[in-house]
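Below, read A as the first sequence line, B as the second, and so on, with proteins coming before strands; counting in each chain starts at 1.
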2 protein chains.
Amino acid sequence: MERQTRQRKAIRGALHQAGRPLSPTEIHALSRTRSRGLGMATVYRSIRLMVESGELVAVELPGEPPRYEAAGKHHHHHFHCRSCRRVYEVEGCPDDIDSLVPTGFSLEDHEVVLYGRCAACRR
Amino acid sequence: MERQTRQRKAIRGALHQAGRPLSPTEIHALSRTRSRGLGMATVYRSIRLMVESGELVAVELPGEPPRYEAAGKHHHHHFHCRSCRRVYEVEGCPDDIDSLVPTGFSLEDHEVVLYGRCAACRR
DNA sequence: GTCGTTGCAAAGCGTTTGCAGCCTA
DNA sequence: TAGGCTGCAAACGCTTTGCAACGAC
C-alpha cells in the first residue's frame, strides 16, 4: 500500500499546479521547492509507482522525453506545436484506421500525433 | 565529401536488405556480418552523416529508440509489434485527419503509429 | 601523401538499483 | 514497532567524443 509522504505530496502538487504534462526533470525542479532535498531517484520511483497504480499516465511523443499527467482522461490524441513546443489534446479519432493494418497483423491500439502551429503561435 | 568505405557500404547494404526501419543496434548487428570488426561508434557516426546528407530519415516512435530507413519513400506510417518490437511500414493514410485539427490551428504534418502483433508473432 | 574515417576506450547523460537510515501508519 | 520510503552514490544502457592508426582518393 502507498504511504502519504511529504515527497509524494510535493510531486502531486507540482503536477496539479502545472496543469500540463511534465518531464521527470521538470517534476523534480518544481517539487524541490515544496520538499527540500528531494532526490531524483525518489521522483523516478514515485512516477513509476503512480503510473503502475493508474494515478498517472505517460505522454510519450516521438523524439521527446516522456512526460506525465493525471490519468482518467478520455481517449484522445495530441497536437504538437512546432513553434512553442506545447502539446495540446485533440478530440476525435480517424475512423478508417483499421484499413491500414497489413494482412495477418492484429491491431490493438494506435497513436496519432499532429504537427503544425497552434492558434496562439499563428497570430 | 563522403568517402566510400567498406563500413558504409555494409551499413547501406543492411538497411537495404532489411526493408524496414532499423535501430542503431540492429544496424550494427546486421552490418557486422558484412564488415568484421565494425564498431558501434562508426555506426552512430555514419547514421548521423547519412541523416544530415538526406540519405536516411529517422523514424521516431513514442517511447522507443529512434530507427532509420532510406529516405525518398512515399508517404507512409508504421506498425509497431508489441511482441517482437519490430517496426513495419504501413501503406495508406487515414483520409479524415484534417477533421481532427482544432479551430485556428494549422496542420503541417502528422504521424500515425499502429500497435499490435505482426503476422510472424501471431502464429 | 592528405585528411577523412575507423576502432577502442573513456566520457556523458538520463534512468535504475543497492543500501543504511528514516518516518508513516 | 514494522516495513515501506528516502537520499546518496554506484551501476546501467545507450550515445558521443578523444585519439592514434588506417585507408580512400
For A:Gln7, side-chain contact (heavy atoms from CB on, under 4.5 Å) partners two or more places apart: A:Thr5, A:Ser35, A:Leu38, A:Thr42
Same apolar cluster: A:Val113 and A:Phe79, side chain cutoff 4.5 Å: no
Contact under 4.0 Å: B:Thr5 side-chain N or O vs C:dT6 OP1/OP2: yes
Of the listed nucleotides C:dA25, D:dT16, C:dT5, the one nearest the side chain of A:Gln4: C:dA25
Just the table, please: protein N/O against nucleotides 12-14 of chain C N/O, every pair under 3.5 Å.
none

Distance, rounded to the nearest Å, where A:Lys9 contributes NZ and C:dC23 contributes P: 14 Å
Where at least one partner belongs to residues 98-117 of chain B, residue pairs that pass salt bridge (Lys or Arg N to Asp or Glu O under 4.0 Å), sequence neighbours excluded: A:Arg82-B:Glu108, A:Arg82-B:Asp109
Distance, rounded to the nearest Å, where B:Leu49 contributes CG and D:dA24 contributes C1': 15 Å
Cluster link B:Val51 to B:Val43, ILVMFWY, side chain under 4.5 Å: yes
Separation of atom NE2 in A:His28 from atom P in D:dT6, rounded to whole Å: 12 Å
Side-chain donor/acceptor of B:Arg122 to backbone N/O of A:Gly104, under 3.5 Å: yes
Atom-to-atom span, CE of A:Met50 to P of D:dC5 - whole angstrom: 10 Å
Interatomic distance, A:Arg3 CZ vs C:dC22 C1' [rounded to whole Å]: 10 Å
C:dT24 OP1/OP2 closer than 4.0 Å to side-chain N/O of A:Arg8: no
Sequence neighbours excluded, every pair satisfying side chain to side chain donor-acceptor pair (under 3.5 Å) that has a member inside residues 50-64 of chain A: A:Arg12-A:Glu55, A:Arg48-A:Glu52, A:Glu64-A:Arg67, A:Glu64-A:Arg85
Residue pairs, two or more places apart or on separate chains, that pass salt bridge (Lys or Arg N to Asp or Glu O under 4.0 Å) and touch residues 24-45 of chain A: A:Arg20-A:Glu26
Over 12 non-hydrogen atoms of neighbours within 6.0 angstrom of NE2 in B:His16: no
Pairwise side-chain contact, B:Gln17 with B:Leu30, heavy-atom cut-off 4.5 Å (strictly under): no
Sequence-aligned protein contact record of nucleotides 7-12 of chain D, with B where the base is within under 4.0 Å of a protein heavy atom and S where only the sugar-phosphate is: BB----
